[in-house]
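Below, chains carry the letters A, B, ... as their sequence lines are ordered, and counting in each starts from 1.
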Protein chains: 2
Amino acid sequence: MKESPRPYHHGHLREALLKAAEKALESGGAQTISLRELSRELGVSHTSPRRHFADKQALLDALALRGFERFEIALGRAAAASGDFKSRLTKLTRAYVNFALKHPALLSLMFEAKHRVDAPRELLEASEKAFAHAHSTYAAGQAAGEVIPGDPWRLSLVVFAAMQGLMVLSTNGKFKGIPLDHLVGEIIERIILGLRPR
Amino acid sequence: MKESPRPYHHGHLREALLKAAEKALESGGAQTISLRELSRELGVSHTSPRRHFADKQALLDALALRGFERFEIALGRAAAASGDFKSRLTKLTRAYVNFALKHPALLSLMFEAKHRVDAPRELLEASEKAFAHAHSTYAAGQAAGEVIPGDPWRLSLVVFAAMQGLMVLSTNGKFKGIPLDHLVGEIIERIILGLRPR
DNA sequence: GGCACTATGTTGTCAATGGAAACATGCTGC
DNA sequence: GCAGCATGTTTCCATTGACAACATAGTGCC
């Protein structure tokens with residue numbers, strides 16, 4: 001039955017919808033995603049998405065959730081590197097920036113979804129999990145005496161906030177014509193100076 | 001004719017639309033703004049907004065532009081304060097955070113609008129103008145020998161990026177239960193240490 | 001082996017929306 | 001006082017998200 005011209009059941013509709021939605025997201029923002037448009041692309045009827053997502057928002061939330069999962073993986077890989085605090089923090093930060101540059105619309109969607117008052121708990125948890133990698137990197141830095149004492153969450157906030165803000169303040173991956181990539185090192189340098197015990 | 005039950009011309013429709021749109025924005029996000037809904041509230045026909053805004057996006061852009069203008073005023077007032085670099089930077093940063101906490105949805109809209117590929121030039125200029133206050137604060141700090149030399153734009157980026165990120169990473173005005181207000185001083189402290197000549 | 005159950009997709013329909021065109025009204029400058 | 005223009009209205013259309021009722025197919029149970 002797999003080869004019949006059009007099997008009644010799509011088979012992987014949920015996956016296919018998410019994939020198509022992400023493509024649409026990257027190429028035109030969350031606003032431009034239309035359930036009917038997606039259905040048309042996939043050759044299914046315009047209401048079939050409802051079997052998998054109660055709501056358009058539910059689809060967007062699912063997209064955000066997968067975003068956090070991939071984000072977590074990317075940060076996790078970077079955090080696993082060895083080296084001193086500075087080099088580890090740099091790796092982590094670059095992973096962050098790379099993700100943000102590769103999936104700008106997705107990242108926006110992720111944080112927007114997280115900030116909705118009725119954000120699903122799953123989403124908040126996925127976000128926590130991803131940022132936990134920063135927490136552990138800081139804790140290791142503290143253990144090695146390279147970082148002042150204090151709540152690692154609060155310390156890590158400084159760098160991540162700076163990176164996140166970097167994205168928002170920049171235009172088209174650049175700030176005043178300078179590629180973000182070049183700025184990462186500089187910013188980390190400044191911040192680490194403020195974190196070093198003295 | 002001003003007192004007739006319903007004058008044919010509204011008189012301040014553009015202003016009224018912007019005002020109503022901003023109210024809707026603050027209470028439900030840009031998504032929830034509907035031109036027809038706004039028209040109904042104002043008691044005009046559902047197509048009248050088109051006389052003032054070619055497009056829904058045009059209305060949102062106008063909203064963003066006014067946001068940048070008010071933002072610029074707030075930062076300008078803070079930047080005008082006297083004192084040493086740290087106190088001036090703190091004032092500036094608090095102005096930023098206050099604005100962000102008071103108008104979260106507007107701030108998102110502002111940066112989103114600025115990032116659109118076809119963002120109107122006006123918007124970019126308004127954004128530049130607002131952030132120029134940071135530039136001048138840094139330049140003054142350098143002149144007084146309180147800040148390391150270097151392009152003030154790049155230096156100011158660190159603090160503003162951190163603040164902007166703080167907003168994005170926080171949830172409901174708090175980070176790990178700590179009000180953002182309390183974090184501002186801490187973050188500035190860390191960053192200034194990295195900016196101080198040594 | 002057959003039959004109910006359930007998951008998945010479809011058809012038909014609705015109200016709301018953004019947008020466009022043609023028209024109405026009233027202000028303003030000559 | 002009138003011609004032209006700015007502003008608002010009416011009417012219409014295609015698209016959209018959502019809903020209900022129905023169709024199809026795969027699964028488990030006897």
Side-chain angles (χ1 to χ4, degrees), chain A residues 1-25 27-64 105 109 112-113 116 118 120, chain B residues 1-25 27-64 105 109 112-113 116 118 120:
Chain A
M1 272 304 163
K2 263 284 183 78
E3 300 306 315
S4 69
R6 195 185 120 204
Y8 188 86
H9 285 100
H10 182 283
H12 312 283
L13 187 52
R14 193 191 145 92
E15 271 309 302
L17 280 169
L18 285 170
K19 203 167 171 180
E22 187 171 343
K23 207 176 64 182
L25 175 70
S27 79
Q31 299 269 22
T32 72
I33 293 179
S34 146
L35 294 181
R36 287 172 108 106
E37 171 77 23
L38 295 181
S39 301
R40 248 166 295 166
E41 276 177 36
L42 300 177
V44 287
S45 75
H46 61 266
T47 47
S48 47
R50 263 176 72 73
R51 289 287 166 210
H52 301 275
F53 305 101
D55 210 311
K56 186 178 181 176
Q57 188 59 57
L59 189 160
L60 294 179
D61 282 353
L63 219 49
L109 180 72
E112 239 170 71
R116 278 213 333 280
D118 57 336
Chain B
M1 271 301 164
K2 262 285 182 77
E3 299 306 313
S4 69
R6 195 185 121 206
Y8 189 87
H9 286 101
H10 180 284
H12 312 284
L13 188 52
R14 192 191 147 93
E15 271 309 301
L17 280 169
L18 286 170
K19 203 166 171 182
E22 186 171 344
K23 208 176 63 184
L25 175 70
S27 80
Q31 298 270 21
T32 72
I33 293 179
S34 145
L35 294 180
R36 287 170 109 106
E37 172 77 21
L38 295 181
S39 301
R40 247 166 296 164
E41 277 176 36
L42 299 177
V44 288
S45 75
H46 62 265
T47 46
S48 49
R50 263 175 72 73
R51 289 287 168 211
H52 301 276
F53 306 100
D55 209 314
K56 185 178 183 177
Q57 188 60 59
L59 189 159
L60 295 179
D61 282 352
L63 220 48
L109 180 72
E112 239 170 70
R116 280 212 334 279
D118 57 336

Under 4.0 Å between a side-chain N or O of B/Arg51 and OP1 or OP2 of D/dA6?
no
Open item on the list: With heavy-atom distances below 4.5 Å as the criterion, would you say the side chains of B/Val44 and B/Leu17 are in contact?
Closed with: no
Rounded to whole Å, CZ of A/Phe53 lies from C1' of D/dA18 at a distance of 16 Å
In whole angstroms, the gap separating C1' of C/dG9 from CG of A/Leu38 amounts to 16 Å
Mind checking if A/Ser34 touches a base, just sugar-phosphate, or nothing, with heavy atoms under 4.0 Å? sugar-phosphate
Taken to the nearest whole Å, CG/A/Asp55 to P/D/dT16 is 17 Å
Whole-Å distance, B/Leu17 CG to D/dT7 P, equals 12 Å
In whole angstroms, the gap separating P of D/dT10 from CZ of B/Arg50 amounts to 17 Å
Exercise for the section: Using only side-chain N and O atoms of A/Thr47, determine if any of them is under 4.0 Å from OP1 or OP2 of C/dT11. Expected result: no
Is B/Arg36 side chain donor-acceptor paired with the C/dG18 base, going by distance under 3.5 Å alone? yes
Side-chain contact check for A/Leu35: nearest option of D/dG8, D/dG17, C/dT8 is D/dG17
Are the side chains of A/Phe53 and A/Leu63 in contact, using a 4.5 Å heavy-atom criterion?
no
Here the distance between atom C1' of D/dG17 and atom CD of A/Gln31, to the nearest Å, is 14 Å
* To do: Flag the pair A/Glu112 / A/Leu60 as yes when at least one side-chain heavy-atom distance between them is below 4.5 Å, and no otherwise.
  => no
Whole-Å distance, A/Lys56 NZ to D/dA18 P, equals 8 Å
Does B/Ser45 make a side-chain N or O approach to OP1 or OP2 of D/dT10 shorter than 4.0 Å?
no
Closest non-hydrogen atoms of A/Leu18 and A/Leu59, given as atom of the first, atom of the second and distance, are CD2-O, 4.2 Å
Rounded to the nearest 0.5 Å, the NZ atom of A/Lys23 sits from the CD atom of A/Glu41 at a distance of 5.5 Å
Please work out if B/Ile33 contacts a base, only the sugar-phosphate, or nothing of the nucleic acid, heavy-atom cut-off 4.0 Å.
-> sugar-phosphate
Taken to the nearest whole Å, CD/A/Glu41 to C1'/D/dT16 is 15 Å
Judged by nearest nucleotide, the residue sitting upstream toward the 5' end of DNA chain D, A/Glu37 or A/Ala54, is A/Glu37
Would you classify A/Arg40 as touching base, sugar-phosphate or nothing, given that sugar-phosphate means primed atoms plus P, OP1 and OP2, and contacts are heavy atoms under 4.0 Å? sugar-phosphate
Have a look at B/His46 and say if it touches a base, only the backbone sugar-phosphate, or nothing, with a 4.0 Å heavy-atom cut-off. base
